[in-house]
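One structure below.
Numbers here simply count residues along the sequence, with the first being 1.
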Amino acid sequence: ETDTLAYNVTGPGYPTFREIAQHVQTLVPSAVIKETRDPDKYAMNARKMSLVASQRDLGWQPQVAIRDGVDLLYKALAR
């Protein structure tokens, strides 16, 4: 049994939230992205994303890089 309540299912690699936000800003120049000094209430910005739990518990291996996934999501939402 695991104490994991949620799984991170990012793509391969470890982009920062800033890098992801910058890519979103490139795709959607009108997007308002605000970076603060304080992490969100779940402290997502304060830690590195890890695939350990999803690999260990689910046997899941990423196939799509974050940047490519953001592109695919954007294209799907733009339809």
Side-chain angles (χ1 to χ4, degrees):
E1 192 167 321
T2 180
D3 291 334
T4 301
L5 301 176
Y7 293 95
N8 180 31
V9 289
T10 67
Y14 294 99
T16 65
F17 284 92
R18 181 176 290 138
E19 290 168 335
I20 296 168
Q22 288 171 340
H23 184 59
V24 169
Q25 192 79 66
T26 299
L27 292 172
V28 187
S30 63
V32 176
I33 298 173
K34 181 179 177 186
E35 184 176 344
T36 66
R37 291 181 178 257
D38 299 321
D40 64 30
K41 69 180 185 174
Y42 300 106
M44 290 300 295
N45 295 323
R47 61 187 167 91
K48 180 179 173 182
M49 292 185 188
S50 173
L51 299 171
V52 171
S54 58
Q55 290 171 341
R56 178 191 65 227
D57 299 344
L58 306 173
W60 185 82
Q61 295 289 330
Q63 302 294 317
V64 178
I66 290 289
R67 186 179 185 99
D68 296 336
V70 170
D71 289 343
L72 291 168
L73 177 61
Y74 175 74
K75 289 174 187 172
L77 294 174
R79 291 184 194 164

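When hydrophobic clusters are built by joining Ile, Leu, Val, Met, Phe, Trp and Tyr residues whose side-chain heavy atoms come closer than 4.5 Å, directly or via intermediates, L73 is not grouped with V70.
Taking CG from L27 and CZ from R67, the interatomic distance works out to 7.5 Å, rounded to the nearest 0.5 Å.
Not a single donor-acceptor pair under 3.5 Å links the side chain of Q55 to the backbone N or O of G59.
Scored by the side chain to side chain donor-acceptor pair (under 3.5 Å) test, D71 finds H23 as partners (sequence neighbours excluded).
Screening residues 20-30 for salt bridge (charged side-chain N to carboxylate O under 4.0 Å, His left out) gives no qualifying pairs among residues at least two apart or on separate chains. Within the structure, every pair that satisfies the salt bridge (charged side-chain N to carboxylate O under 4.0 Å, His left out) test and touches residues 15-31, not counting sequence neighbours, is listed here: R18-E35.
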